[in-house]
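All of these numbers come straight from a predicted model, not from anything done at the bench. Sequence lines set the chain letters: A, B, ... in the order given, protein chains first and strands last, and positions in each chain run from 1.
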Amino acid sequence: MIEILWNIILLLISLGLIGAFVRLIRGPYLPDRVVALDLISVIAMGFIIVYAVRFNQVNFLDVAIILALITFLGTVAFAYYLERRV
Amino acid sequence: MQEIVIMLLMLLGAILIFLAGVGILRMPDVFLRMSATAKAGTLGVGLILTAAALHFNEFGIYARVIAIIFFILLTAPIAAHIIGRAAYFDGVPLWEDTVQDDLKKHYRISDHALYSGELPSEEFLVPQKEADDFSEEPE
């Protein structure tokens, strides 16, 4: 029972990841792609945490912290150069 | 009992993340897509982090999880606001059924300037921006 539930959780997160990836490819504008990248890294963070709980790996939580920091900086940098673009 | 609560929180978080993925696919323009992902994604990851804290049940983990949730709740709205601002300034068209665009008559896209009075209509009506196409090699 609990195994099936874990699979459902990972499946739902994977489907969200696929949706974000399709938007990253299809665009159509550059801000769409930036939003999709942002969402992809948030979903990756959720995936890492689920994995950490599933296999009892405490250290993966630190990865989530670093990912959260880098995501924010990347988004701000993208937005900065988007505004500068002619 | 604790196991049930953990699985419930994880399932709820996963469903919210899935909804964020659906939202970014189905919503009609950048701003609506952002409103779907910023809220659903943040809340989904927050619930999953809460479940992780309950699962490990240690002081260090609680501190780390609270730090991550605080940081996400602090930065996700800022990031969404900055991208939305950049998208509007870049001239990305709004959805055709948008009912309100307060900046429309006050923002001149040719020099990115804001005016408090209303601009004459020929200055804020810009030609529709073409979609970015990266399929061809730049010259």
Side-chain angles (χ1 to χ4, degrees), chain A residues 2 5-6 8-24 26-36 38-43 45-50 52-54 56 58 60-62 64-65 67-69 71-76 78-85, chain B residues 3 6-7 10-11 13-26 29-31 33-34 37-38 40-42 44-45 48-49 51-52 55-56 58 60-61 64-65 67-68 71-72 74-76 78-80 82-90 92-93 112 129-134:
Chain A
I2 215 112
L5 215 50
W6 278 118
I8 289 172
I9 289 168
L10 290 173
L11 185 74
L12 282 173
I13 296 178
S14 308
L15 286 177
L17 194 61
I18 290 171
F21 193 73
V22 169
R23 181 53 67 194
L24 178 72
R26 279 181 44 191
Y29 299 99
L30 207 50
D32 289 298
R33 296 172 210 267
V34 177
V35 172
D38 194 43
L39 184 66
I40 282 178
S41 53
V42 167
I43 293 176
M45 222 165 79
F47 211 100
I48 288 168
I49 298 159
V50 170
V53 174
R54 172 89 166 76
N56 255 320
V58 183
F60 282 152
L61 282 175
D62 296 333
I65 296 178
L67 206 55
L69 290 167
T71 303
F72 177 60
L73 286 182
T75 307
V76 170
F78 269 127
Y80 179 80
Y81 287 111
L82 215 59
E83 243 175 81
R84 291 283 141 134
R85 201 169 63 142
Chain B
E3 192 79 358
I6 290 167
M7 293 313 280
M10 283 242 165
L11 198 62
I15 288 170
L16 278 167
I17 285 180
F18 172 65
L19 285 181
V22 171
I24 201 173
L25 261 183
R26 299 285 301 157
D29 73 358
V30 193
F31 307 98
R33 273 173 210 145
M34 224 153 37
T37 63
T42 308
V45 172
I48 288 178
L49 274 166
H55 172 80
F56 290 116
E58 289 172 34
I61 304 294
R64 254 181 274 182
V65 163
I68 303 176
F71 188 77
I72 292 175
L74 200 69
T75 57
I78 298 173
I82 292 176
I83 301 177
R85 189 188 138 93
Y88 194 91
F89 275 28
D90 203 33
V92 174
H112 299 297
K129 188 176 153 64
E130 292 291 315
D132 293 310
D133 188 6
F134 298 114

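Chain B forms more heavy-atom pairs under 4.5 Å with one residue of A:Val42, A:Thr71, A:Asp38, A:Val34 than with any other, namely A:Val42. Contact tally against chain A (heavy-atom pairs below 4.5 Å) for B:Thr75, B:Val30, B:Leu19: the top residue is B:Thr75. Each of A:Gly16, A:Ala20, A:Ala79 has some count of heavy-atom pairs under 4.5 Å with chain B, and the biggest count is that of A:Ala79. Highest contact tally toward chain A, considering only B:Val65, B:Ile82, B:Ile48, is held by B:Ile48 [criterion: heavy-atom pairs under 4.5 Å]. Among B:Phe18, B:Phe89, B:Tyr88, the residue with the largest count of heavy-atom pairs under 4.5 Å with chain A is B:Phe18. Considering only heavy-atom pairs separated by less than 4.5 Å from chain B, the leading option among A:Ile18, A:Val76, A:Val50 is A:Val50. Heavy-atom pairs under 4.5 Å with chain A peak, among B:Leu16, B:Leu49, B:Thr42, at B:Leu49.
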Let me see the working for A:Leu69 and B:Phe71 under side-chain contact (heavy atoms from CB on, under 4.5 Å), right down to the final yes or no. CA-CA 8 Å; A:Leu69 290 167; B:Phe71 188 77; 3.4 Å; yes
Evaluation steps, side-chain contact (heavy atoms from CB on, under 4.5 Å), between A:Ile9 and B:Met7: CA-CA 9 Å; A:Ile9 289 168; B:Met7 293 313 280; 4.0 Å; yes
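Neither the backbone nor the side chain of B:Val22 comes within contact range of chain A, judged by heavy atoms closer than 4.5 Å. Proximity to chain B is limited to the side chain of A:Leu39, based on heavy atoms less than 4.5 angstrom apart. For chain B, no part of A:Leu10 is nearby; none of its heavy atoms comes within less than 4.5 Å. A:Leu17 does not touch chain B: none of its heavy atoms, backbone or side chain, sits under 4.5 Å away. B:Ile15 touches chain A through backbone and side chain together, each having a heavy atom under 4.5 Å away. Both the backbone and the side chain of B:Ile17 come within contact range of chain A, each with at least one heavy atom under 4.5 Å from a heavy atom of that chain.
Residue B:Phe31 qualifies as enclosed at atom CZ: its count of foreign heavy atoms under 6.0 Å is above 12. Within 6.0 Å of CZ on B:Arg26 lie no more than 12 heavy atoms contributed by other residues, nucleotides or ligands.
For the atom pair CG of A:Leu5 and CD1 of B:Ile6, the computed distance is 12.0 Å after rounding to the nearest 0.5 Å. To the nearest 0.5 Å, atom CD1 of residue B:Ile68 and atom CD1 of residue A:Ile49 are 5.5 Å apart. In this structure, the separation between CG on A:Asp32 and CZ on B:Arg33 is 4.0 Å, given to the nearest 0.5 Å.
For B:Met34 against A:Val35, the heavy-atom pair with the smallest separation is SD-CG2, 3.7 Å. What you find for A:Ala36 and B:Ile24 is that their closest heavy atoms are CA-CD1, 3.6 Å. Shown here for B:Pro93 and A:Tyr29, the closest heavy-atom pair between the two residues is CG-OH, 3.3 Å. Closest approach of A:Met45 to B:Ile72, counting heavy atoms only: CE-CD1, 3.0 Å.
Considering only heavy atoms from C-beta on, B:Phe56 comes within 4.5 Å of A:Asn56 through its side chain.
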